[in-house]
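Report on one structure; see the data block that follows.
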Amino acid sequence: SEDVDNFRFEAAVGERFIFRVEARRFASPLDAVIELFDDAGNLVARAESFVGGDPILDVSIPKTASYVVRIRDLSYKGSSSRVYRLSLGVLPHIDYVMPAGVERGTKYGLLVTGRNLPATFDDRSGDPPTIAERPLDVLVSEVFVPATSSDSIRALRITGTGGASN
């Protein structure tokens, strides 16, 4: 059966909205599509699969207005097993961190690259990094990993005015 979910929200011109659908992490068979419509019903932007199978839509809002974000399955399939989590807003989003690993008992400067990060590092080495022709922010974060840490994996989250990162 066909299933389409619509969510209305307000946004201001120039805001960089991030729309994230998480379905695969819940073992959902949803092959999600994100569609953004303006107040006249015109399609503004669309995203399908991304790394890990879940889409991310990164949009600079073109005008202050009401918008509708639509979430659906690529094949318009619907069922109670097609669960997902939608995050939307002027959210920070981490695309990658370098280095990917650090030695215990040391302090490292991490380069965090993503969107809507709270501060930007300007290394003046050329053009800023991009994904799908959208500019990325680069944040320098210093991290100390204790020598006695029992955790083998640690999560890095950035909190901004719009919420927390992925």
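Keep in mind that the numbers below use all heavy atoms, side chains included, and drop hydrogens, waters and symmetry copies. Count residues from 1 along the sequence. What you are looking at is a predicted structure, and each value in this text was computed from that prediction instead of being measured.
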request  = Could you list the residues that satisfy side chain to side chain donor-acceptor pair (under 3.5 Å) with Y84, not counting sequence neighbours?
outcome  = D5
query = How long is the gap from CG on L57 to CG on L36, to the nearest 0.5 Å?
reply = 6.5 Å
inquiry  = So, using side chain to side chain contact (heavy atoms under 4.5 Å, CB included) as the criterion, who are the partners of L91 when residues are at least two apart?
reply    = I18, R20, S87
note = Sorted by chain and residue number, the side chain to side chain contact (heavy atoms under 4.5 Å, CB included) partners of E103 (sequence neighbours excluded) come out as T106, Y108
query = Would a 4.5 Å heavy-atom cut-off, applied to side chains only, mark V140 and L111 as touching?
reply = yes
message = Does this structure show an ion pair linking R82 with D73, if we count only N-O contacts that are shorter than 4.0 Å?
response = yes
task = Working to the nearest 0.5 Å, report the span between CG of L86 and CZ of R70.
result = 13.5 Å
message = Looking at every heavy atom in both G109 and P99, which two are closest together, and how far apart are they?
response = O-CD, 4.0 Å
Hydrophobic cluster membership, V68 vs V90, 4.5 Å side-chain cutoff = no
ask   = side chain to side chain contact (heavy atoms under 4.5 Å, CB included) with A40: which residues, sequence neighbours excluded?
value = D38, N42
request  = Please list, chain by chain and in numerical order, all residues satisfying side chain to side chain donor-acceptor pair (under 3.5 Å) with S60, sequence neighbours excluded.
outcome  = R134
query = Could you state the interatomic distance from CZ (F7) to CD1 (I71), rounded to the nearest 0.5 Å?
reply = 6.5 Å
remark   = On a heavy-atom basis, the closest approach of P55 and A32 is CG-O, 3.6 Å
query = What distance separates L88 CG from Y67 OH, expressed to the nearest 0.5 Å?
reply = 13.5 Å
message = Which residues pass the salt bridge (Lys or Arg N to Asp or Glu O under 4.0 Å) test with R46, not counting sequence neighbours?
response = E35, E48
message = Once rounded to the nearest 0.5 Å, what's the spacing between atom CG of N116 and atom CZ of F17?
response = 9.5 Å
inquiry  = Please check this pair: side chain of T64 against backbone of V13, looking for a donor-acceptor N/O pair closer than 3.5 Å.
reply    = yes
key: Atom of V138, atom of P129 and distance for their closest heavy-atom approach   = CG2-CG, 3.8 Å
remark   = Applied to residues 7-16, the side-chain hydrogen bond (donor to acceptor under 3.5 Å, both in side chains) test, sequence neighbours excluded, yields E10-S66, R16-D58
message = The criterion is side chain to side chain contact (heavy atoms under 4.5 Å, CB included); which residues satisfy it with V83, sequence neighbours excluded?
response = F26, S28
ask   = Linking I/L/V/M/F/W/Y whenever any side-chain heavy atoms sit under 4.5 Å apart, do I61 and V44 land together?
value = yes
query = Are the side chain of D54 and the backbone N or O of R24 linked by a donor-acceptor pair below 3.5 Å?
reply = yes
note = Nearest heavy-atom contact between P92 and L117 is CB-CD2, 4.4 Å
message = Working to the nearest 0.5 angstrom, can you tell me the gap between R115 CZ and D137 CG?
response = 10.0 Å
key: Non-hydrogen atoms of Y96 and L136 that approach each other most closely   = CE2-CD1, 4.5 Å
ask   = Would K63 and D39 pass as an ion pair if we require N to O under 4.0 Å?
value = yes
